[in-house]
There are 2 protein chains.
Amino acid sequence: MNQKESPVTIEDVAKRAGVSRATAGRVIGNYGKTSMAVKEKVMNAVKELNYSPNAMARSLRSKKTNTIAIVVDRISNHFFVKVIEAIEKEAFDKSYSVIICNTHEDVRNEITQLKSLRSRRVDAIILAPAYTKDQKIREKNIDAYESDIPIVFIDYEPDEIKADSITSDNYGGGYKATEYLIGLGHRNIGVLTTDKFFTEKERVSGYLDALKNNNIEFQSTWLIQADAHEFGQSSHAVKELLMLNNDITAVLVVNNGLCAGTIIGIQEFGKKIPEDISLIVWDDSEITELMNITTIAQFPEFIGKVAVHRAIELVNDKSKAEEEVKKNLSIELRVRKSCKKI
Amino acid sequence: MNQKESPVTIEDVAKRAGVSRATAGRVIGNYGKTSMAVKEKVMNAVKELNYSPNAMARSLRSKKTNTIAIVVDRISNHFFVKVIEAIEKEAFDKSYSVIICNTHEDVRNEITQLKSLRSRRVDAIILAPAYTKDQKIREKNIDAYESDIPIVFIDYEPDEIKADSITSDNYGGGYKATEYLIGLGHRNIGVLTTDKFFTEKERVSGYLDALKNNNIEFQSTWLIQADAHEFGQSSHAVKELLMLNNDITAVLVVNNGLCAGTIIGIQEFGKKIPEDISLIVWDDSEITELMNITTIAQFPEFIGKVAVHRAIELVNDKSKAEEEVKKNLSIELRVRKSCKKI
DNA sequence: CTGTTAGCGCATTCAT
DNA sequence: ATGAATGCGCTAACAG
């Protein structure tokens, strides 16, 4: 007891139970056939010795890990947390374990993690890629993405390589939100973005097209970039937006991390929501519910579920990889009270 | 390429490089001594074959995993997320990997996960236990907690077994918050709790003692229990509290998951913060900052760091386990604008 | 500095 | 239904 490496192996169990290693293995691993009598003896020995099967030896031999990995930018993003919990649930139902990895928005870290996951021989990887301006890093390490283990992307559609991706209809969401604001009479609409994610580019693109199709000329000062991890940054950014454009009556926030800071910034600027400024932000959260903020809502639970489904499909049948799957899930405008008709 | 199990082993690499398996192993695993010439040949072979070392085989042989696990109730709790990120950071610095496990507040799940982690031979486990009214389940599975692998508890001090624990001074925090409210003139102070965690009991206990020491008689209707995962539940709970006690002027919320619902409930009841009701909640968050709510702030980064430090200490020196470590980290009253003097 | 050999703990033939 | 023997991919111990 209390040895560093639990020295008790299946051989010890077998000896104690008075059977062969193979037989002990059968009852412990629950395969093959064994008599009740033997089963009992072995189970007793397991209990008495407090035996714990060595998962490494097991999967080294069986060549199965029954594990899928989910790697995300940040588990502090509540959207991803919901995706992860959905993945865990779905994976559990299909008796897969899941490994959660956090890249902290660092591509090098992402690559390291991917390599480690490959070494650990996970069966599949669900990946929400970290952002990088320097796409070359990815290309240089493309083997991290193009190994023999299937990758399902979420929140990102890769150009570099052929791969599956599950995304929300970000373009459509941006378009829908903007059109809604225009319908309420707004014409000068600002946008806040971290400019750090593939998804945000799509959202902004929808916003731009909605403006264009409604004959509103986009002003470059309407789009402000801010960092998502400090309130100061994002509140400062909105204030800048309002300062630069005193005719702005609505703001669209395309990254959930900017939400709180934006609200604070608008307040600090002396404006009220929705009286002075109408606001739509991406993703539902405690805050949007609490503050009654209209949102563009994605369905993280569904994304997680679909991703796992596809991942397992690929695990079970390699040939399925031929038909590349790109799913673009629908998105919903959830109207609350942060937008005013003018 | 693109085979299910990458068939390329160290032997293939060795063959291709024209060296022995052992030598190939040395340069790949970066141990022992090798000449530059050989090093280069091997690395080339690795690249050409897109070789990925088998982590299972490796740690089966070396008997090291260099992995520590953190298991929490829910990664949707932002407090734990901060703890986890601190753990990852600290572990990374000491070149440990970390495995994140999510028990979904289910003890059976927790036990399953612990067994799995033992099988995977992680070096140490940091555990924020799931709550259970039925302590017997734990006792019945005590071997999950008393294996040969060291466990450091966070947010919990185990009775059942001898083990290390890192907690915040929850009792002190409850006391401090209550005393602060009393100092502002409040005498009728309600408490909201999920009644699901060890920590909350401590916090409430501090609250009760502060009342007693200030000659305020606790009324049983002041304490209301609510579920943390639905706004409806917690907002309903506050409303009940206010309904039952129309003389209440302050509310202490001892679980961060109740925060948003509480605010909504108070609003829906037609009361204003802080004019009618003073509010203190546990843990800082985006919401408390946004709404300017006074909090009892823990230091999750510190908790994570200390936990990893202790875990690694135990890994390196089993004898350290003799002196049981119980750390009770200080806690801070962070005054904002949700409490009024009366 | 490099090669040979053995064996980590287990699942899987193939016998019986 | 059970046992004996083999080898998964790798690192460690020992030679040379």
Side-chain angles (χ1 to χ4, degrees), chain A residues 3-43 45-46 49-66 116 118-123 148-149, chain B residues 3-43 45-46 49-66 116 118-123 148-149:
Chain A
Q3 298 291 322
K4 161 65 188 168
E5 291 307 325
S6 165
V8 26
T9 93
I10 204 165
E11 176 138 29
D12 302 319
V13 174
K15 208 167 287 172
R16 176 128 188 169
V19 297
S20 74
R21 266 179 2 204
T23 304
R26 280 189 263 262
V27 6
I28 289 165
N30 202 32
Y31 53 86
K33 307 203 168 182
T34 45
S35 70
M36 276 308 288
V38 162
K39 211 167 276 182
E40 202 164 317
K41 277 195 293 182
V42 172
M43 291 314 281
V46 166
L49 297 173
N50 193 16
Y51 167 75
S52 167
N54 184 317
M56 272 121 35
R58 187 176 269 183
S59 43
L60 176 61
R61 181 66 237 249
S62 67
K63 292 178 166 304
K64 276 176 211 154
T65 59
N66 268 286
S116 157
R118 178 144 95 105
S119 267
R120 290 153 82 176
R121 301 293 190 261
V122 299
D123 295 320
D148 39 353
I149 120 162
Chain B
Q3 299 289 325
K4 163 65 188 165
E5 290 308 324
S6 165
V8 25
T9 96
I10 205 166
E11 177 138 28
D12 302 320
V13 174
K15 210 168 283 172
R16 176 126 187 171
V19 297
S20 73
R21 263 178 4 205
T23 303
R26 281 190 261 263
V27 6
I28 289 164
N30 201 33
Y31 54 87
K33 308 204 168 182
T34 45
S35 70
M36 276 308 287
V38 162
K39 211 168 275 184
E40 202 165 316
K41 278 194 292 183
V42 173
M43 290 315 279
V46 166
L49 298 173
N50 193 16
Y51 167 75
S52 168
N54 184 318
M56 271 118 39
R58 185 177 271 183
S59 42
L60 177 60
R61 180 65 239 241
S62 67
K63 293 180 166 300
K64 276 175 211 155
T65 59
N66 268 286
S116 158
R118 178 144 95 105
S119 268
R120 290 153 83 177
R121 302 292 190 261
V122 299
D123 294 321
D148 39 354
I149 120 162

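Sequence lines set the chain letters: A, B, ... in the order given, protein chains first and strands last, and positions in each chain run from 1. If you're wondering where the values come from, they're calculated on a predicted model, not measured in any experiment.
A straight line from CE of A:M56 to P of C:dA11 spans 13 Å, rounded to a whole angstrom. In this structure, the NZ atom of A:K64 is 11 Å from the C1' atom of C:dT12, given to the nearest Å. Nucleotide D:dC10 holds its C1' atom 17 Å from the CZ atom of A:R120, rounded to whole Å. For B:R26 and C:dC1, the CZ to C1' distance is 8 Å, given to the nearest whole Å. When rounded to the nearest whole Å, the span between NZ of B:K33 and C1' of D:dA13 equals 17 Å. Between B:R121 atom CZ and C:dC8 atom P there is a gap of 14 Å when expressed in whole angstrom units. Rounded to an integer number of Å, the gap from NZ of B:K63 to P of C:dG7 is 14 Å. Distance, B:K39 NZ to C:dT2 C1': 13 Å, rounded to whole Å.
Distance from the side chain of B:T23 is smallest to C:dG3 among C:dT12, C:dG3, D:dC10.
Using a 4.0 Å cut-off on heavy atoms, the residues of residues 11-21 of chain B that approach DNA chain C are B:V19, B:S20, B:R21, listed by number.
Salt bridge annotation for A:D123-A:K64: absent, with no cationic side-chain nitrogen under 4.0 angstrom from a carboxylate oxygen.
Inter-residue side-chain proximity for B:M36 and B:K39 is flagged as met; some heavy-atom pair is nearer than 4.5 Å. Side chains of A:V8 and A:N50 form no contact here, defined as non-hydrogen atoms less than 4.5 Å apart. Side-chain contact between B:K41 and B:T23: absent, with no pair of heavy atoms (C-beta onward) separated by less than 4.5 Å. Residues B:T9 and B:N54 have side chains not in contact (no heavy-atom distance under 4.5 Å, counting atoms from C-beta outward).
With B:T65 contributing its side chain and B:R121 its backbone, the two residues share a donor-acceptor pair below 3.5 Å. At distances below 3.5 Å, not a single donor-acceptor pair connects side-chain atoms of A:S119 with backbone N or O atoms of B:A55.
As judged by a 4.0 angstrom heavy-atom cut-off over every strand, A:L60 is placed among the base-contacting residues.
In this model, the phosphate group of D:dC10 is not approached by any side-chain N or O of B:S62 to a distance below 4.0 Å at OP1 or OP2. The phosphate of C:dC10 has neither OP1 nor OP2 within less than 4.0 Å of any side-chain N or O from A:S59. The side chain of B:Y31 contributes no N or O atom lying less than 4.0 Å from OP1 or OP2 of C:dT2. For A:R61, no side-chain nitrogen or oxygen approaches OP1 or OP2 of C:dT12 to under 4.0 Å.
When all heavy atoms are compared, the tightest approach of B:L60 to A:A57 is CD1-CB, 3.8 Å. The minimum heavy-atom distance linking A:Y51 with A:I10 is given by the pair CE1-N, 3.6 Å.
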Inset, instruction - I would like to know whether A:R26 and A:V19 meet side-chain contact (heavy atoms from CB on, under 4.5 Å); could you show each step before the answer? - result: CA-CA 11 Å; A:R26 280 189 263 262; A:V19 297; over 6 Å; no
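Heavy-atom nearest nucleotides on DNA chain C were determined for B:M36 and for A:I28, and the one closer to the 5' end corresponds to B:M36. Each of A:I10 and B:A24 was assigned the nucleotide of DNA chain C with the nearest heavy atom; the assignment lying further toward the 5' end belongs to B:A24.
Over its length, the helix from C:dC1-D:dG16 to C:dT16-D:dA1 turns its helix axis by 30°, as judged from the five terminal pairs at each end, rounded to 10°.
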